[in-house]
> 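Quick one: this structure, given as structure tokens, is what I'll be asking you about.
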Amino acid sequence: MKDLILVLNCGSSSIKFSIIDPINEIVYLHGEASSLNLHNSLIKWFIKNKVYSLDNKNFISYNYAINYICKKIFLKYNYKMFSKVIGIGHRVVNGGDLFKKSILINKDVIKNIEKCVCLAPIHNPLNLLGIRKFMDLFPKLKNNNVAVFDTSFHNNLPKRSYLYAIPTKFYNKHNIRKYGAHGINCLYILKKVSTILKKKVRKINIIICHLGNGSSVSVIKNGICIDTSMGFTPLSGLIMGTRSGDIDPSIIFYMHENLKISIKKIKYILNNESGILGLNNKTSDFRYSENRYNFSVVDKTTVEMFCYRLAKYISSYFFLIKKNIDAVIFTGGIGENSKLVRKITINHLNSLNFYIDKDKNNKIYKDFNFINKNNTIPILVISANEEIVIAKDTFKIIS
Ligand code: AMP
């Protein structure tokens, strides 16, 4: 076993962790604490195709999960493997204008990530929680923690796409602009498509639909992201697990002025009580509405709204790269697993020559799968993999 990198991805409803050989891209251990704070919480991890799990625990809290991962999974059950770890890579969702690329973490970096909390109010605090906890619990590795940012991938957005049509002083003085998110997986997908299609990255034209608890669409022209659905924060764009996605900003004024709801509460409603949860009134877990699609009007509407919004984004991005489009990609927990979402979304786009092949769409796959009908625009399902990108960047920076 060579020098290994531990990767920590503290998401909004899950914590993903892995131990990776960054040079040979071998994953020795990977796992996930999922559906945290929900009835179906689970911590499971894999070593050489063998699965281990923490059973009989519902409503696992974020803190409990982090402690269990550090103290039990790494320090107790897999210490031999863990002792080979030379660095820790952390996913950080929004680095704003302060971070354009991955960086070794020190006190100043932590302070600056804190400054970006307003740009990702659900995520950056959890990313910081993971950073602090791992630096504390693993003091020998304290100086070898690296932050990898989801926003770096969107650094090259053109001005026409990242500016908002509000007075320019808000950009010039206060950096209010579109930052995007999900960039780490976008970079992985871009490189993967380049390998699959045997085409240079700088010639790739794709639309990436990253659909999970957080969801976004990005359009890549000649290897560079030219637009993306998330904005100043990860609240805009698609309908998400608990986030509203795009709404008319006037709704906020109406809620505040006419319904007398405080700004703090509105922020909470839009970030934590909206999206799939707000629509089905039950859970942010997409599977719930998907499973009830055929017999519940509420859940059917929820799924239909999710797909319709997604189709609108795909069609508008399609026109930015139309002639040269290489593929549309579905990735993330929903993108990879929901045949229903892929079918309904693509059916909205038939007039643009997007067609799903039913058998291919239903196929269980590993790594990647083409699901389009022959002689139509390629549609690919690709497993998300932020971890490998984070491991490689971390290794490069600490070496
Ligand atoms: P992620 O944030 O990428 O981990 O994705 C989490 C989301 O994926 C949750 O909303 C899950 O309900 C959803 N998901 C996971 N498995 C499936 C599945 N088989 N069908 C539909 N949605 C799924």
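Below, each value reflects all heavy atoms present in this structure, side chains not excepted, and no hydrogens, waters or symmetry copies. We count ligands from 1, going down the list as the structure has it; atoms in each ligand are counted the same way.
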> According to ring-ring contact (aromatic ring centres under 6.0 Å, His included), who are the partners of Tyr171, at least two apart in sequence or on a separate chain?
Tyr162

> Ring centres under 6.0 Å, that's the criterion: do Phe232 and Tyr164 meet it?
no

> Below 3.5 angstrom, do we get any N/O pair linking Phe286 and ligand 1?
yes

> Indicate yes or no: does Lys203 engage Asp326 in a salt bridge with an N to O separation below 4.0 Å.
no

> As an exercise, identify every atom of ligand 1 less than 4.0 angstrom from a heavy atom of Asn213.
1 (P), 2 (O), 5 (O), 6 (C), 7 (C)

> Other residues, nucleotides and ligands only: do more than 12 of their heavy atoms fall within 6.0 Å of CZ on Phe319?
yes

> Would you please indicate if the ring centroids of Tyr77 and Tyr52 are separated by under 6.0 Å?
no

> For ligand 1, which part of Ser284 has a heavy atom less than 4.0 Å away: the side chain, the backbone, both, or neither?
backbone

> Would you mind telling me if ligand 1 is within reach of the side chain of His210, the backbone, both or neither, using heavy atoms under 4.0 Å?
neither

> If we count only N and O atoms by modelled type, under 3.5 Å, do the side chains of His90 and Asn145 hold a donor and an acceptor together?
yes

> Is the shortest distance from a Lys or Arg side-chain nitrogen in Asp393 or Lys101 to a carboxylate oxygen in the other one below 4.0 Å?
no

> Between Tyr293 and Glu304, do the side chains contain a donor N or O and an acceptor N or O under 3.5 Å apart?
yes

> Counting from 1, what ligand 1 atoms have a heavy atom of Lys16 closer than 4.0 Å?
4 (O)

> Check each heavy atom of Arg287 against ligand 1 and say whether those closer than 4.0 Å belong to the side chain, the backbone, both or neither.
both

> Do any nitrogen or oxygen atoms of Gly333 come within less than 3.5 Å of a nitrogen or oxygen of ligand 1?
yes

> What is the nearest protein non-hydrogen atom to atom 13 (C) of ligand 1, stated with its residue, atom name and distance?
Ile334 CG1, 3.6 Å

> As an exercise, identify every atom of ligand 1 less than 4.0 angstrom from a heavy atom of Asp285.
11 (C), 12 (O)

> Report the nearest protein non-hydrogen atom to atom 20 (N) of ligand 1: residue, atom name, distance rounded to 0.1 Å.
Glu290 OE1, 2.9 Å

> What protein heavy atom is closest to atom 16 (N) of ligand 1, reported as residue, atom name and distance in Å?
Asn337 ND2, 3.5 Å

